[in-house]
Structure formats: structure tokens, C-alpha cells
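Scroll down for the structure; my scribbles are underneath it.
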Amino acid sequence: MGIIIKTIMCIQGMKESLHSTSSIYMNMMAGYLSRVGSTDIQTIASDADITITERGRVPLDSMLALVNAIIATTRDRAFGLEMGIHIHPSEYGIISHAFMNCGSLREVMDLTIRYTHLINDAFSLAVEAQDKNEVTLVLHSTSHAPEIIPLIELNFASILSMARFLAGNKKAEEVTLFEVCFQHPPQTMPERYIAHFKCPVRFNQPQNAIRVSTRVLNTKVYSPDPYIYRYLLKKIEEVAERLQINIPLRNQVFNYVVKQLPYGMPSVSQAAKEFNMSPSTLKKHLNQEDANFTEICDAVRKSVAVKMISVHKKSLKEISNYLGFSNSSTFNRAFKRWTKMSPTQYRQRVNQKENTEQEQSKKLEEA
């Protein structure tokens with residue numbers, strides 16, 4: 001299938017505010033701040049002039065601003081990891097209760113994949129590789145902002161914490177992972193990650209991924225109730241339907257194109273079929289949002305190209321081929337149009353920035 005893109009940047013001109021998160025994050029953050037004896041979340045938000053709500057949806061840009069404010073207050077860039085480690089089983093609300101009534105951890109994984117966007121619609125989870133022995137679960141993000149990192153670490157750390165809880169005390173120690181990969185550098189000492197995940201944890205990888213055995217996924221959930229599960233699933237579906245109405249079509253098309261890219265850039269007819277529309281109707285609705293299909297596809301290529309170049313794992317020729325360019329010269333011209341730099345210049349700039357950040361991080365640790 002070739003290279004699979006794991007994390008993407010936002011469409012050019014499409015602001016973070018087009019995405020939103022559940023206010024569930026607020027309760028988790030409040031609990032973390034209380035545990036570490038820090039300033040309460042209302043004060044932090046007020047001091048940073050951030051409007052927060054206790055219920056409903058929170059614009060992603062406001063949530064990321066709050067993440068930045070919490071890091072500035074606590075000086076803990078790994079607070080998302082800490083939230084995931086210490087998460088209470090009920091903190092994901094109605095979804096948590098559905099988890100508790102699944103038949104197995106595989107059903108929990110399927111439910112997590114299906115409804116991750118209810119917690120953060122900039123995120124999506126997908127099984128991108130599997131055989132009879134293991135499964136690779138990958139987290140995609142439409143945001144590349146540094147402040148998204150704690151939310152990614154919260155996601156992965158809480159997945160394992162919840163799985164251990166759901167397996168019950170007798171089987172919790174059997175819930176193990178083969179490997180955890182993060183695209184970003186460590187936000188605290190690597191030993192802290194290993195202590196929780198109890199497996200190799202790799203950083204600066206081309207994907208955010210968890211590798212887990214099928215044996216673990218077949219673990220039964222402790223004391224499920226199938227009747228309660230069906231009732232909760234119906235309620236979750238109602239919430240999902242309401243949320244889907246609020247997601248701009250251009251966002252939905254952008255995410256669709258990204259997922260199809262490993263198989264080739266889709267046509268407008270293929271995209272229209274995905275959304276149960278005719279091509280002309282799809283074009284009309286996109287036009288009402290000041291967007292068009294060609295521009296969205298171009299933005300996907302830009303986003304994927306920038307991310308792939310940033311993670312240093314693939315050659316420029318491989319990236320060009322993956323994106324469907326006829327030759328390297330065509331790719332170079334497109335990249336210069338997007339960024340005003342050649343791919344080589346951009347990669348050099350990223351390297352310089354990472355080296356500077358590592359030096360600053362080392363100085364802070366030594367201080």
C-alpha cells in the first residue's frame with residue numbers, strides 16, 4: 001500500500017476554530033491541576049483571556065490556547081501524559097460507560113475508533129495494519145500545532161489506562177502493548193513513558209501509533225451488560241449525528257481525501273459518491289463554503305508534503321512519488337508555490353528549529 005500518512009496539517013486558510021473539542025477535556029485538566037496543587041483552571045483561563053465552557057463544545061483554538069496556558073503555569077509539557085495515566089474510568093462521560101459494557105477490548109477499540117471525533121474532531125483513529133497476531137492503531141490529527149501534543153499523549157495514555165481498568169484487577173497486568181510511537185520528541189524523561197506503557201516507546205516517528213497483540217484485544221471486559229450497552233450506543237449515535245451536522249463539508253472532504261491518498265488522489269466523482277451527492281451538488285455545497293474540490297486536494301498535498309518532509313523519514317523522491325507528482329521537478333515547483341522554499345530548504349529549516357528546541361529544553365532541565 002506504500003507510505004501511509006499518519007498525521008496531517010490543517011488546510012491552508014482553514015483555522016483551528018473550525019474544529020472543536022468536548023468540554024470533557026476541561027474536567028480532566030481541572031483534576032490534573034488539583035492533583036499537582038496548581039492554580040485552578042478558571043483562573044488560568046481568565047488570566048490568559050480564554051473563554052471556557054463547562055458543557056458542550058469548545059473551539060479547538062481555545063482549547064489549544066488553554067493547553068499553552070497550563071504549560072506556562074505548571075511548566076509541565078507532559079501534563080497530557082499525566083492526565084492519561086491518572087484518568088478516572090468515568091471521565092469520558094457516556095462513552096466511558098459504553099466501554100464498561102463492551103464484551104471485549106476489541107469492541108472497546110472499535111468504539112474508540114468510531115467515536116474519537118466526539119471528544120476531539122481534529123482527531124481520528126484507524127487500524128492501519130493487522131494480522132492474526134497484532135494490530136496497529138494509528139492516530140491522525142488535522143492539527144500540527146505544538147499544543148496538540150499533550151492531547152495526543154492523553155489519548156494514548158488513557159487508552160491503556162482504560163483498557164487495564166476494563167479488564168479487571170486479575171487481568172490488568174496482562175494488558176500490555178508491543179510498542180508505542182509518537183511523532184513528537186519526548187515532553188519529559190523517556191522513563192516516565194516507559195513506566196506507564198511498559199513497552200518500547202519511540203519518538204520522532206512518522207506516525208502516532210500503538211501496536212498491540214490480538215490476544216490482548218480478545219480480553220473480556222469485566223462484568224458487561226449488553227442491554228445497557230445497546231441503550232448507551234443509541235444515545236452516543238444521537239450525539240454523533242448532531243455533531244456531524246456542525247462539521248463544515250470542506251473539513252469532511254479534506255479528511256476524506258487524506259484517508260484516500262494512500263490509494264491515489266480521489267476524483268470529485270468518487271468524493272461525491274462518498275457523501276451521497278452528485279458531483280455538481282458537492283461542488284455547489286463547497287462553493288457555499290468558499291471552497292472547491294481542486295483547492296482542497298492541493299491543500300492535502302501541501303499538508304502531507306510538509307509533514308513528511310518534517311519527520312525526516314522519507315527521501316524527497318519517495319514523497320514526490322507518494323503524492324502522485326509526475327517527477328521531482330513538478331513536486332519542487334509545487335512545494336515552492338506552497339511555502340516559498342524548496343523541499344530541501346524547508347527540511348534544513350526544520351532541522352535547525354529542532355536543534356534549537358532541543359538545546360533550549362536541555363537548558364531548562366539543567367536549570
Heavy-atom count around Asn133 CG within 6.0 Å, excluding the residue itself: above 12?
->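 Above 12, so yes.
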Is the count of non-hydrogen atoms from other residues, nucleotides or ligands lying under 6.0 Å from Asn218 atom CG greater than 12?
->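 Counting other residues, nucleotides and ligands, CG of Asn218 exceeds 12 neighbours.
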With distance as the sole test, does [X] use its side chain to make a donor-acceptor pair with the main-chain N or O of [Y] at under 3.5 Å?
X: Thr112; Y: Val108; answer: yes
X: Glu318; Y: Ser315; answer: yes
X: Arg202; Y: Cys181; answer: no
X: Glu179; Y: Leu177; answer: no
X: Arg250; Y: Ala291; answer: no

Are Met63 and Ile50 in one and the same hydrophobic cluster, where Ile, Leu, Val, Met, Phe, Trp and Tyr link if side-chain heavy atoms are under 4.5 Å apart?
->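 In one cluster with Met63: Ile50, yes.
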Co-membership, hydrophobic cluster, residues Ile70 and Ile149, 4.5 Å side-chain |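 Ile70 does not cluster with Ile149.
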Using distance alone, with no hydrogens and no angle criterion, decide if Thr142 and His19 have a side-chain donor and acceptor under 3.5 Å apart.
->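 Short answer, yes.
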Polar side chain donor-acceptor pair, Asn332 to Ser342, under 3.5 angstrom =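 Side-chain D/A pair, Asn332 to Ser342: absent.
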Side chains of [X] and [Y] in contact at under 4.5 Å (non-hydrogen atoms):
X: Gln183; Y: Ile152; answer: no
X: Ser141; Y: Leu151; answer: no
X: Val239; Y: Tyr115; answer: no
X: Pro226; Y: Arg230; answer: yes

Go through the steps to decide whether Glu237 and Arg114 satisfy the test salt bridge (charged side-chain N to carboxylate O under 4.0 Å, His left out), and finish with yes or no.
-> CA-CA 10 Å; Glu237 281 289 350; Arg114 188 172 180 180; 2.3 Å; yes
With sequence neighbours excluded, tell me which residues meet side chain to side chain contact (heavy atoms under 4.5 Å, CB included) with Ser104.
->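 By the side chain to side chain contact (heavy atoms under 4.5 Å, CB included) rule, Ser104 matches Arg106, Glu107.
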Verdict with reasoning, Val221 to Leu105, per side-chain contact (heavy atoms from CB on, under 4.5 Å) = CA-CA 6 Å; Val221 171; Leu105 293 186; 4.3 Å; yes
Using a 3.5 Å cut-off and no angle test, enumerate the donor-acceptor pairs between side-chain atoms of residues 87-98 and protein atoms at least two apart in sequence or in another chain.
residue: His88; atom: ND1; partner: Ser90; partner atom: N; Å: 3.1
residue: His88; atom: ND1; partner: Ser90; partner atom: OG; Å: 2.9
residue: Glu91; atom: OE1; partner: His88; partner atom: N; Å: 2.6
residue: Tyr92; atom: OH; partner: Ser158; partner atom: OG; Å: 2.9
residue: Ser96; atom: OG; partner: Pro89; partner atom: O; Å: 3.0
residue: Ser96; atom: OG; partner: Tyr92; partner atom: N; Å: 2.9

Nearest 0.5 Å please: distance from the CD1 atom of Ile71 over to the CG atom of Leu66.
->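 Separation between the atoms: 10.0 Å.
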